[in-house]
Amino acid sequence: MKKTYYNTFLKYLDDENRDASIDYALQLIQEQKVTLEEMYLEILTPSLTEFFCSNEDEEICIWKEHERTSIIRTILESLYVYVIHRKKQIPSKGKTVMVLCPSEEYHEIGAIIVSHFFALSGYDAKYIGANTPKNDIVSAVKALKPDMLALSVTNYYNIVVTKKITEEIKSKYPDVKIIVGGQAFSHKDALSQVQYDYHLSDLTTIASLEGGKSI
Ligand code: B12
């Protein structure tokens, strides 16, 4: 059944029908046909990761990628209202997590989804943004004093800067737990280069971090 919803959604996206895509996704949530988690993981994520552009003109493909990402971003922002409703029904963990992408990392949809999962698990989740320079990350940790720092990395070449960020955070703020995730970590040499406490590939395990209950 969920596959049917996904296929319908994909058809609207393939047609670059912004209004119908957004309307359909929100309707699925409003009518409780899919949960927020299913929307993030079974509909929105594959609609981007499985994106294939058959057009030979590379410029057109990039333009299509931007258009699609923009639609997904609008849906994510709109879904936050439902995140707020869910947050009211669960106890707060009393912990703050900062979610961001390192400098030069512009792929941010995964990071936004991760911040929603943290919020749904009772964390005070602060999404800082894509392409965040190391010094700004260190200043933000100093100012916001988060319990956790979640780093989203897609491009493997951004592991170099991620290594520097994690080393500096761990040396200055050893109590801040570092969580890493994203497609860059599917590279076999990625994890061994960074300092981290948790590497998660399944977002539904966020709730059970540090002894919590699963969602
Ligand atoms: C959309 C997109 C873009 C957009 C991003 C816009 C934006 N605002 O985010 C734009 C057009 C900017 C872009 C640019 C580029 N892109 Co691009 N892009 C994509 C695309 C199609 C989708 C990415 C996406 O959003 N996926 C959906 C999200 C939800 O998935 P996700 O990030 O994997 O996140 C999930 C998990 O990984 C996990 N997760 C993610 N982060 C974290 C963090 C934590 C803590 C945890 C626990 C979990 C977690 O949670 C999510 C669960 O749903 C991918 C194709 C693909 N296979 O993904 C290519 C892709 C990632 N891009 C690629 C490339 C090469 C580029 C460019 C270099 C292209 C160029 N020549 O300019 C630039 C680089 C820009 C930069 N410096 O970052 C390659 C990367 C190859 C590689 N292995 O390094 C891919 C794989 C395309 C390909 N097949 O070649 N891109």
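All ligand and atom numbering here is 1-based and tracks the order in the structure.
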for atom 53 (O) of ligand 1, nearest protein heavy atom and its distance come out as Thr45 OG1, 2.6 Å
Under 4.0 angstrom from atom 41 (N) of ligand 1, is there any protein heavy atom? yes
Side-chain ion pair, Arg73 and Glu77, N-O less than 4.0 Å: yes
Is any heavy atom of the protein nearer than 4.0 Å to atom 47 (C) of ligand 1? yes
Can you confirm whether something in the protein, heavy atoms only, sits under 4.0 Å from atom 19 (C) of ligand 1? yes
Any protein heavy atom at under 4.0 Å, with atom 83 (N) of ligand 1 as the reference point? no
Are any non-hydrogen protein atoms located under 4.0 Å from atom 88 (C) of ligand 1? no
Mind checking whether Thr154 has a heavy atom under 4.0 Å from ligand 1? yes
Hey, is Arg68 close enough to Asp14 for a salt bridge, meaning N to O under 4.0 Å? yes
Pairing of Lys170 and Asp197 as salt bridge, 4.0 angstrom limit: yes
Crowding at NZ, Lys87 (>12 non-hydrogen neighbours, <6.0 Å): yes
Identify, for atom 2 (C) of ligand 1, the protein heavy atom at the shortest distance, and state residue, atom and that distance. Glu65 OE1, 3.4 Å
May I ask you to check whether Tyr40 has an N/O atom sitting below 3.5 Å from an N/O atom of ligand 1? no
Would you verify that at least one protein heavy atom lies under 4.0 Å from atom 11 (C) of ligand 1, or report that none does? yes
